[in-house]
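See structure below.
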Amino acid sequence: MVPATVNDVGTILLAFDLLIALAGVVLVLVGRVPWIGRLPGDIHIQRGNFTFYFPLATSLLLSVVLTLVLYLLGRR
């Protein structure tokens, strides 16, 4: 096992920082997309003071998109 150098650790930390920043930008922009969370297939039940919401179709769509992106990035 080869010990990690300071440059390797710095590179890894920088990559994680960029991923966290990218996730933050995505979370900010998702709120501006009107159809996210309101797709056909999303379950929304409201009865009196009880509300149940499960974004099934949105979850499946995001799963497919992320799977394709990670597959394409992993092919390099």
Side-chain angles (χ1 to χ4, degrees):
M1 182 169 181
V2 178
T5 64
V6 175
N7 287 336
D8 294 337
V9 174
T11 303
I12 292 170
L13 286 175
L14 184 60
F16 280 130
D17 291 341
L18 290 174
L19 284 174
I20 290 172
L22 180 65
V25 168
V26 167
L27 287 175
V28 167
L29 293 179
V30 163
R32 295 182 183 182
V33 179
W35 53 268
I36 292 288
R38 296 185 192 151
L39 293 173
D42 289 345
I43 300 169
H44 185 193
I45 299 172
Q46 189 170 7
R47 301 247 163 47
N49 62 350
F50 172 77
T51 301
F52 175 76
Y53 179 72
F54 184 71
L56 181 64
T58 302
S59 299
L60 290 173
L61 178 68
L62 289 176
S63 176
V64 168
V65 168
L66 287 174
T67 299
L68 289 173
V69 167
L70 291 174
Y71 173 74
L72 292 173
L73 289 176
R75 288 184 55 182
R76 292 184 179 203

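These figures come from a predicted structure and were not determined experimentally.
- Note: the hydrophobic cluster containing Phe50 also contains Phe54 (ILVMFWY, side chain heavy atoms under 4.5 Å, direct or indirect links).
- Checking side-chain atoms of Ser63 against main-chain N and O of Ser59 turns up no donor-acceptor pair under 3.5 Å.
- One distance of note links CG of Asp17 with CG of Leu22; it measures 12.5 Å at 0.5 Å rounding.
- Rounded to the nearest 0.5 angstrom, Leu73 CG and Leu66 CG are separated by 10.5 Å.
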request  = Go through the steps to decide whether Thr5 and Asp8 satisfy the test side-chain contact (heavy atoms from CB on, under 4.5 Å), and finish with yes or no.
outcome  = CA-CA 5 Å; Thr5 64; Asp8 294 337; 3.3 Å; yes
With a 3.5 Å cut-off and sequence neighbours excluded, list the donor-acceptor pairs that the side chains of residues 36-47 form with protein atoms.
residue: Asp42; atom: OD1; partner: Leu56; partner atom: N; Å: 3.4
residue: Asp42; atom: OD1; partner: Ala57; partner atom: N; Å: 3.0
residue: Asp42; atom: OD1; partner: Thr58; partner atom: N; Å: 3.1
residue: Asp42; atom: OD1; partner: Thr58; partner atom: OG1; Å: 3.4
residue: Asp42; atom: OD2; partner: Arg38; partner atom: N; Å: 3.3
residue: Asp42; atom: OD2; partner: Leu39; partner atom: N; Å: 3.0
residue: Asp42; atom: OD2; partner: Thr58; partner atom: OG1; Å: 2.9

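- The number of heavy atoms from other shown groups lying within 6.0 Å of OH (Tyr53) is above 12.
- At a threshold of 4.5 Å between non-hydrogen side-chain atoms, the residues Leu60 and Val64 do not count as touching.
- In the hydrophobic clustering, Ile20 connects to no other residue, as no ILVMFWY side-chain heavy atoms lie under 4.5 Å from its own.
- Within the model, atoms OG1 of Thr67 and CG of Leu62 stand 10.5 Å from one another, a figure rounded to the nearest 0.5 Å.
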